[in-house]
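As the structure is a computational prediction, the values presented were derived from the model and not from experiment. A note on names: the letters A, B, ... follow the listed sequences, proteins ahead of strands, and every chain is numbered from 1.
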Protein chains: 2
Amino acid sequence: MARTQGSHSGTTGPRVRKAALGLFAQHGFAAVSMRQIAKEVGVQAGALYNYTPDKQSLLYELMFEHMDALLTARREEAVADMPPIKALENFVRFHIRFHIEKPDEVFIAYMELRALEDSNFAKIEALRRTYENELESILQRGIESGDFALDDARLATFAVLSMLTGVNTWFRAGGRLSLAEVETVYWNMVRRAVVA
Amino acid sequence: MARTQGSHSGTTGPRVRKAALGLFAQHGFAAVSMRQIAKEVGVQAGALYNYTPDKQSLLYELMFEHMDALLTARREEAVADMPPIKALENFVRFHIRFHIEKPDEVFIAYMELRALEDSNFAKIEALRRTYENELESILQRGIESGDFALDDARLATFAVLSMLTGVNTWFRAGGRLSLAEVETVYWNMVRRAVVA
DNA sequence: GTCTATAAAACGATAGAC
DNA sequence: GTCTATCGTTTTATAGAC
C-alpha cells in the first residue's frame with residue numbers, strides 16, 4: 001500500500017473530533033489553532049474543513065454530543081418512583097461515574113461555555129439546565145416528604161453539583177481510590193449534608 | 001482642561017489591570033487581545049507596554065496579587081487554637097465571603113492556570129496549595145479529635161472547596177439571599193457533611 | 001479527500017516622534 | 001507617557017490542482 005496521504009478508511013472525521021477534544025481540554029478553545037488540530041490528526045489545516053464548517057461549529061458539536069450523551073445515559077439509569085433518598089444516591093453515583101469516565105468532555109462543557117456564540121450557548125445551556133433540574137426535583141421531593149433537611153432545593157442543587165463535579169480536579173484512574181470507593185465517599189458526604 | 005489624551009494622573013497602571021481583569025474573566029486570557037484591553041482603558045495598544053513587559057506577565061501579576069491577598073486575608077482572619085468545629089466554621093465563612101467579594105479574581109485564578117507559563121504556574125500553584133493545606137489541617141485535626149467523621153482529609157478538602165467555590169456560579173449581589181444567609185446555608189451543609 | 005498556496009485580517013510587540 | 005506606524009508572525013478560511 002505505502003499510502004502516505006489521503007483518506008484513512010473514512011475515520012478522519014472522528015479523529016478530527018478526538019484531536020479537538022483533547023486539545024481544547026488541555027489548552028482551551030481560544031488557545032488552540034486549526035493548524036494544531038490538523039497536525040495532531042496528521043493532515044493539512046485545509047482538510048479539516050471537510051469535517052466542520054468552522055472552528056466554532058467544531059466546539060459546539062463536541063459540547064452538544066456530550067450533553068446529549070449525558071442526558072441519554074441519565075435517562076437510561078434513572079428509576080421511576082424511587083424514594084427520594086434512593087433517587088439521590090442513584091443520581092450521585094451516576095454523576096460521579098459519568099464525570100470520571102469523560103473528563104475531557106466534562107471539562108470543556110464547563111470551561112468553554114463562554115466561547116460559544118449566543119445561539120449555540122442557549123442550546124447547550126438549556127440541556128445543562130435540564131440535567132440540573134432533575135437533581136433539583138429529587139431534592140424538592142425529599143424536602144416535601146420530610147426526608148431532606150434543606151431550606152432551598154435550588155441552592156442545594158448547585159452545592160451538590162459543584163461538590164460532585166469537583167471530583168475531576170483530583171481523581172486519576174489507577175490512583176489510591178477506585179471508582180466505587182470514590183462514589184461511596186461522595187455519597188456519604190452528600191447523604192449527611194442533605195438527609196434529615 | 002479638555003485633555004483628550006496623555007496620562008491620567010498616574011492612574012493608567014491600575015486601570016490597565018482592572019480592564020485586563022474584567023476582560024480575562026469574561027472572555028478568557030487567550031481570547032482577549034492587547035488591543036481590546038487598550039480600547040477599554042482608552043489608550044493605544046503600544047501604551048500598555050509601559051505597564052507590563054508582555055501579556056503573560058499581566059496575567060501572572062493579576063493571579064499573584066489575588067492569591068497573595070487571599071492568603072493575607074486568611075492569616076488575618078484565622079484564630080489560633082480554635083477547636084476544629086469552630087475553626088471549620090471560621091474557614092467556611094471566610095471562603096464564601098472572600099469569593100463573593102472578588103468573583104473576577106477568583107474566576108481567573110481557577111480558569112487560567114493552564115495559560116500560565118511553567119515557572120509562573122509553579123508559583124501560583126504553590127500559593128493555592130498553601131491555602132488548601134490550611135483547610136486540610138483543620139479537617140485532619142477534627143478527625144484526630146473525633147469531632148469529624150471522615151475517611152480521608154485530603155479528599156474531603158477537595159469536596160468542601162469545590163462546593164464552596166461553586167457559590168460563584170450562581171450568587172449575584174442584590175439577589176434573593178444576603179451574604180450572611182449564604183454563609184449560613186453553606187456552613188450548615190458543610191457541618192452536617194463533616195461533623196460526627 | 002487531501003494537497004499547496006494564498007487571501008484578508010488580527011495578533012503581540014517594538015521604534016521613534018512628540 | 002502616549003501617540004502613530006509598522007514589523008514579522010499567525011490566524012481562520014478558501015481556491016484550485018490532483
Side-chain angles (χ1 to χ4, degrees), chain A residues 1-21 23-24 26-63 108 112 114-120, chain B residues 1-21 23-24 26-63 108 112 114-120:
Chain A
M1 306 251 311
R3 179 158 61 176
T4 56
Q5 63 181 38
S7 83
H8 296 67
S9 314
T11 61
T12 304
R15 301 208 309 133
V16 168
R17 286 132 82 112
K18 189 175 177 187
L21 183 77
L23 287 168
F24 290 166
Q26 189 173 359
H27 304 292
F29 174 75
V32 172
S33 71
M34 295 298 270
R35 283 172 176 81
Q36 276 178 273
I37 298 169
K39 187 174 181 182
E40 183 100 347
V41 174
V43 297
Q44 293 298 315
L48 296 179
Y49 292 87
N50 288 316
Y51 303 98
T52 181
D54 52 34
K55 194 186 169 194
Q56 166 75 202
S57 299
L58 187 50
L59 175 64
Y60 171 70
E61 277 158 30
L62 289 173
M63 290 178 73
I108 290 173
E112 302 298 349
R114 64 187 173 186
L116 291 173
E117 291 169 0
D118 287 352
S119 79
N120 288 338
Chain B
M1 302 257 312
R3 178 160 61 179
T4 57
Q5 63 181 36
S7 83
H8 296 68
S9 313
T11 61
T12 305
R15 300 207 310 132
V16 168
R17 287 133 82 114
K18 189 175 176 184
L21 182 77
L23 287 168
F24 290 166
Q26 189 173 358
H27 304 292
F29 174 76
V32 172
S33 71
M34 294 300 271
R35 284 171 175 80
Q36 275 178 275
I37 298 170
K39 187 174 181 182
E40 183 98 348
V41 174
V43 297
Q44 292 298 315
L48 297 179
Y49 291 88
N50 289 315
Y51 303 98
T52 181
D54 52 36
K55 194 185 172 195
Q56 165 74 204
S57 299
L58 189 50
L59 175 64
Y60 170 70
E61 278 158 29
L62 289 172
M63 291 179 72
I108 290 173
E112 302 298 349
R114 64 186 173 189
L116 291 172
E117 291 170 358
D118 287 351
S119 79
N120 288 338

*Are Q44(B) and dT2(D) close enough that a side-chain N or O sits under 4.0 Å from OP1 or OP2?*
no

*Could you check how far NE2 of H27(A) sits from P of dT10(D), rounded to whole Å?*
16 Å

*Between dA13(D) (C1') and I37(A) (CD1): distance, integer Å*: 13 Å

*asked:* If the test is side chain to side chain contact (heavy atoms under 4.5 Å, CB included), which one of V41(A), T11(A), L21(A) qualifies with V16(A)?
replied: V41(A)

*Measure the OG1-CG distance between T12(B) and N50(B) for me, rounded to the nearest 0.5 Å.*
9.0 Å

*How about Y51(A) and R17(A): do any of their side-chain heavy atoms sit closer than 4.5 Å?*
no

*Starting at CG of N120(B), measure out to CG of L59(B) and round the result to the nearest 0.5 Å.*
8.0 Å

*So, the side chain of E40(A) versus the backbone of I37(A): is there a donor-acceptor pair under 3.5 Å, distance only?*
no

*For T12(A) and dG1(C), is the shortest distance between a side-chain N/O and OP1 or OP2 below 4.0 Å?*
no

*What is the distance from atom CD of E117(A) to atom OH of Y60(A), rounded to the nearest 0.5 Å?*
11.0 Å

Could you list, one pair per line, each protein nitrogen or oxygen that sits under 3.5 Å from a nitrogen or oxygen of nucleotides 11-18 of chain C, together with the distance?
unit_1: dC11(C); atom_1: OP1; unit_2: S33(B); atom_2: OG; d: 3.4
unit_1: dG12(C); atom_1: OP1; unit_2: K55(B); atom_2: NZ; d: 3.2
unit_1: dG12(C); atom_1: OP2; unit_2: M34(B); atom_2: N; d: 2.9
unit_1: dG12(C); atom_1: N7; unit_2: R35(B); atom_2: NH1; d: 3.0
unit_1: dG12(C); atom_1: O6; unit_2: R35(B); atom_2: NH2; d: 3.2
unit_1: dA13(C); atom_1: OP2; unit_2: Y49(B); atom_2: OH; d: 3.1
unit_1: dA13(C); atom_1: OP2; unit_2: K55(B); atom_2: N; d: 3.0

